[in-house]
Amino acid sequence: MGDTGGRGGAPRRRLNRRGGAEKYELRPESLTSMGSLARREHHEKKSSAFTWEVKANDRAYNNQFEEKAFLCLWRKKYKDNIIHTAKYNVFSFLPLNLYEQFHCISNLYFLLIIILQGIPEISTLPWFTLFIPLVSLLVIRATRDLVDDIGRHRSDKTINNRPCQMLVGKSFLWKKWKDLCVGDLVCLHRDNIVPADILLLASTEPSSLCYVETADIDGETNLKFRQAPLVTHRKLTNIRKMASFQGKVVCEEPNSRMHHFVGCLEWDGKKYPLDSGHILLRGCKIRNTDTCYGMVLYAGFDTKIMRSCGGIHLKRTKTDRLLNRLVILIFLALLLVSLALTLSFWYVMPELKGKHRYIAEKRVYSLPTEVFLVFWAFLILLSVMVPMAMFILAEFIYLGNSIFINWDLQMYYGPQDRPAKARNTSLADQLGQVEYIFSDKTGTLTENIMTFKKCCINGIVYGSDDEMAPRKESSSFWTKYADGKLPFRSLRFMGAMLERKEKVVQEFWRLLAICHTVMVQGTDVGELVYQAASPDEEALVTAARHFGYVFLARTQDSITVVELGEKRVYQVLAIMDFNSVRKRMSVLVRNPEGSIYLYTKGADIVIFDLLCHKGLMECNTEEALASFAQETLRTLCLAYKRVDEDVFKAWRQRHQEASVLLQNRAHALHQLYEEMEQNLQLLGATAIEDKLQDGVPETIQCLKQGNIKVWVLTGDKQETAVNIGFACRLLSEDMVILEEKEICRFLDAHGETNNNLLGDKDGLETLFLPHVKMAMVINGEFLDQLLLALHKEPRALVQNVSVDVESWQGAEERAPHFVKSRRVSLLWQSLGVQQRSKKDKGAGSGESPEVQRERAFVELASQCQAVICCRVTPKQKAVIVALVKKYRNVVTLAIGDGANDVNMIKTADVGVGLAGQEGMQAVLSSDYVLAQFRFLRRLLLVHGRWSYMRMCKFLRYFIYKTVASMMVQIWFAFYNGFTAQPLYEGWFLALYNLLYTTLPVLYIGLFEQDLSAEQSLELPELYVDGQQARLFNYWVFLQAVAHGTATSLINFFVTLWVSRDTAGPLSFSDYQSFAEVVAFSCLLSITVEVILIIKYWTVLCVLAIALSLCLYVVITWTSQSFWLFRASPAAFPFLYASRNMVSKPSALLVVLLNVSLNTLPVLAFRIIYQALKKPHLKVTEAEVPTDQSWNPSLCREQEEESEEAPSQDVITVDTQPYLHRGSRSRRSSYAFSHREGYADLITQGTSLQKSPVDTGDLLADHRFLPDEELVLNITKSPWYRRKMSFLGRAPQLQEKVSSEDETPSSSTSSYLTTEERTSCTNRAAPPPERGLRGVPEEAAGEAGAAVPS
């Protein structure tokens, strides 16, 4: 959802400044472009005037541009390439950190009390008794923030100091990334990381191609090609010409749209269009390209990847926010209580002064002044009701629980030697309240390893046998190129291969060796290295090589295959490339015997409609496909046919005519492809495993039982993401899967004002919703239009591709049966009524239609058990997380492994980074680091639940013990004339929360367990307590306050009533003895309480309780000793008070009575409550979806009955939402991560290596230097839509448009071979290629097919 990337102000000084009305007539839509046309047109309309001008090799020109920073201050418009992701520097750390810490209400409250304590007239305690703890708290938190920020500084330094070659004068010199500026020319080598967003000018590959791996950008590890503009490819052939290059690029302002770029190159008075196919983005990795050259367009924070990373957010837990609100409530309550006590003082003081003359002598101030001072004195005295010790101990508890995560050997991953790590020590309890998990797919759920697992040939399924001989031994029968790592081994299949009698088997493997766009390179040791556009193709071609059909080499119009030791060369007549609409790829070849064959591979939903007949073999193949789908394998169907020579010649003539059409060329070609691909003969199907990480299905299933919803946000295409959804048990066969069309119906219904959709809402929900499990599958383009409320885009260009998109679909989808129609209708009615009731409740909120639509979408998605968002950008991932946080008010967790997950990780309440092989950017931005996704289960259900339970129990007990001790001060005020005199000894007040009761409560916060780790994993339903905040909320807080108040009442008034009207040596009715009895009763009562609530007893627990009591005894006896009293009578006034109290049996009996009255009723109440309480471990089906709650056979029976006699009282659900071609027995598991455009490179010869030529001086003095520093990578797969996607939204085939100075090409389509291009064009052949990249230095125009721009 890229932003516009606006700047702070207009440039102050500019050369050749352009007005807002000037527009460039650019057509960036080429085969090298990525992203949809609809989004491009929309963004181009928003920013039609390009204001970003960069001139090559001219820093003085580029430095002229400035922008307004603040008021009248100006700064350079173009940023340097230095990255600063840290929050603080040397000067800003102290003020900024203090500013952040004092955003906490409790810290402001403590600061106010300390200021008041500094006033002697109202101070009840020395000022340092609160000042030292507050400083300690601030230092602890500041140290934690400083350590985190030092790690960011180190990461920034490492990245900024990476080496790269930059053009200085007339040679390329080694510099650092931080030295780059816009306009600089850089030289990159194989395996280098691109340091900035650069315009590709030239490369050593043919036609200045450059292969890149964009794992950090979109998560795709398959290679992508970028190509330099034709003009720079031809003219910039050596360093001297590059040094004199003075081209100027005018383009759009920096933005976060990864796959979008529009601009033009102005050079020698001419303009040349630029698009995203010419741009190398920061973070990409150069692959299979020796050397390339580029010009920096965006640097530093202006680069697209940095624009997508988002800022650093201060994360706070729900408990922390609740505590802040409670502090405000307590403070307001203290103000009211202090005011009430002060008014009481105002009322009784005149009477006291009249009865007791000594009081009047001590009160030297006037009554109004006394009242004012007493108010603040009461506020200080009762300020301990918000104990600072609680916040200090909470920091140690957070730290301790984080250390336990680091020490957990069950989350240690041995193969990579990576333990779990808590990088943020203040979010431990938040792990126990997560309701939504947002996960990346590739590299997070999967390992991005494609393995050939099974195949079905001629209706027979072949799989791997466990009893096979070693792999090399089994594969060396037919080829020396066999892949020893391939796990596929089958005795039966080996026998069929060795007999060489089955023609279908031979054609099956021949098809896999021929029908592809893979490139091959040889190594020095004679091995073959395949360079594939997708991991699927590489797995298939590798499997064919393993079984004796070795793809050896290719040219523009031929492909060489070694078939079981025999070398055969096939002439390639045409390549019908794959795209997301066709869902198939075909190759038309002539074999050495002269026969013409068409080989096709693609989705079963397409291939089966192209077969000439359907017999037993086809039925067996369908059964095999159903079996493969149950195993969540990715399938492709293979078919072929023999083509007559006459048919081919006629088709070829029409193909050549269609290839030169100026309008609707793509649609005409597609019709010809479909005509040729009719009446195919099925060969079989392949099954590839996209290997999941260990334990992913079990982890997701366990999390779902804990009422945690898992959403997958991926840049991958829809078919692949859905396939993985089934593989990891996120989706199930009985789910109703909602897609764009159904979602739009719901949102449209939500926006209407008609409220009589359905009469009985409650009855419908009871009938329908409990029996329906829903999932949602959407893509990034739909999300853009949904959340930005974009206007509908014209479909003219889409119609050029296919007039009727539904023609690619089966008749069953165009005419759904009655049950399915009514099922969807009732579904949306029920959801619409439910949503409308929520909307009507807040009808007066004045929300805009966009906000209402967003809210409706989030509400709908939240009712789904799973949501999969495909082809989403990094910023869209963050927006989805933010929307759920905004409208659902839940705790979110995001997990990913690459740079494109950084924004999502920063936006979520808890960010988890997977430390994989794709770089550490996600790890550096995360709160917790794991090595495998499966460890998330233990992190949440064990450590998260424990941490939440410990923190809640700690807070409840701390509030209880504080109220139990401090409320006594209020009761005592009624007996001391409301003079704000403290009851307790000053040192007891100061040390009560710091020492006397600290260790037991600290033990609760660090070691308490209600269940063991194994039991917590076996009972994930208990996790719901944290999600619903059952253990600590306002009600629990009031219970703790009430409990503490009752304890204080018993301790004070029982002691008062027993000691009233007593005197003598055994009496304890004096002030100091009374205070000691109450204090000792309070201490023992809360100690017995902590003994009752602790469930996990260890030796450490016993030591903590014993040590606390010992500290009380030792410190009390010391503070009441004679030598301290003699040294400072005012500071130590309670001389021998405790000794006198202990020596009186009546006082000890009163203490025992108080403890008994505080303990026995509470203990009896808890026992009775637990006996009467219903079992808490009861989770409804709606909260915890499980696979056992659904009976597909029963639902099918109900559906059949409803078809016979439709009734509004029975709501049926189609249990197979992915049924195609009328088959009601299976869903398609087709998935193929490939994209269009590679056939064009092959047939043009653009991607083929030429023989070594003289490279001139361009490569002189260039040494290869691989990057050894941090590599920012992530893996995902490319995208295309599947058949059931939003109708009418198929991606458009983009035609190449020449720049204004070039002659429009009349060449054929990019799919034609060299033979066809020669026969259909009258141009003379170009002169022999020479120079750096095998092209003439002086070329007047295009000689072959149009080069993608």
| task | Classify the angle between the aromatic ring planes of Trp52 and Tyr298 as parallel (below 30°), tilted (30 to 60°) or perpendicular (above 60°). | result | tilted
| query | Would you say the side-chain atoms of Thr51 and Glu253 include a donor-acceptor pair closer than 3.5 Å? | reply | yes
| field | Pairing residues for Glu435 by the side chain to side chain contact (heavy atoms under 4.5 Å, CB included) criterion, not counting sequence neighbours | value | Val890, Gln1027
| Pick one: which of Asn779, Asn903, Asp784 meets side chain to side chain donor-acceptor pair (under 3.5 Å) with Gln876? | Asp784
| said: Please verify the inter-ring angle class for Tyr436 with Phe438; under 30° counts as parallel, over 60° as perpendicular, anything in between as tilted. | reply: parallel
| query | Are side-chain N/O atoms of Thr319 and Asp429 paired as donor and acceptor at under 3.5 Å? | reply | yes
| task | Any chance you could measure Ile724, atom CD1, to Leu692, atom CG, to the nearest 0.5 Å? | result | 5.0 Å
| task | Evaluate side chain to side chain contact (heavy atoms under 4.5 Å, CB included) for Leu281 paired with Val194, printing each intermediate quantity in order. | result | CA-CA 7 Å; Leu281 298 181; Val194 180; over 6 Å; no
| remark: For Thr699, the side chain to side chain donor-acceptor pair (under 3.5 Å) test, sequence neighbours excluded, returns none
| task | May I ask you to check whether Glu854 and Tyr887 show a side-chain donor-acceptor distance below 3.5 Å? | result | yes
| query | Are the side chain of Glu213 and the backbone of Lys285 linked by a donor-acceptor contact shorter than 3.5 Å? | reply | no
| field | Set of side chain to side chain contact (heavy atoms under 4.5 Å, CB included) partners for Asp320, sequence neighbours left out | value | Arg316, Thr317
| query | Hey, is the main chain of Asp909 close enough, under 3.5 Å, to the side chain of Thr892 for a donor-acceptor pair? | reply | yes
| message | Side chains of Tyr88 and Glu100: any donor to acceptor distance under 3.5 Å? | response | yes
| Among all residues two or more places apart in sequence or in another chain, which pass the side chain to side chain donor-acceptor pair (under 3.5 Å) test with Thr425? | none
| task | Could you tell me whether the side chain of Asp156 and the main chain of Thr85 form a donor-acceptor pair under 3.5 Å? | result | yes
| Partner of Leu713 under side chain to side chain contact (heavy atoms under 4.5 Å, CB included), chosen from Val867, Ile880, Asp440 | Ile880
| Yes or no on salt bridge (Lys or Arg N to Asp or Glu O under 4.0 Å) for Arg423 and Asp148, after CA distance, side-chain angles and deciding distance? | CA-CA 7 Å; Arg423 301 185 71 250; Asp148 294 341; 6.0 Å; no
| message | Would you compute the distance between atom OG of Ser256 and atom NZ of Lys875 and round it to the nearest 0.5 angstrom? | response | 4.0 Å
| Do you know the tightest heavy-atom contact between Gly432 and Tyr948? | CA-CB, 4.0 Å
| request: Flag the pair Asp716 and Arg871 as a salt bridge only when some basic side-chain nitrogen lies within less than 4.0 angstrom of an acidic carboxylate oxygen. | output: no
| said: Out of the candidates Val434, Ile708, Leu730, only one should pair with Leu703 under the side chain to side chain contact (heavy atoms under 4.5 Å, CB included) rule; please name it. | reply: Ile708
| task | Using the test side chain to side chain contact (heavy atoms under 4.5 Å, CB included), find all partners of Lys315 that sit at least two apart in sequence or belong to another chain. | result | Leu427, Asp927
| said: Within the 4.5 Å heavy-atom criterion, are Ile743 and Met776 side-chain neighbours or not? | reply: yes
| task | Heavy atoms only: give me the nearest Thr444-Gly896 pair and the separation to one decimal. | result | OG1-CA, 3.6 Å
| task | Count the heavy atoms of every other residue, nucleotide or ligand shown that sit under 6.0 Å from NZ of Lys421, and state whether that count exceeds 12. | result | no
| message | Just to verify, what does Ala775 make a side chain to side chain contact (heavy atoms under 4.5 Å, CB included) with, not counting sequence neighbours? | response | Leu731, Met735, Ile737, Ala866
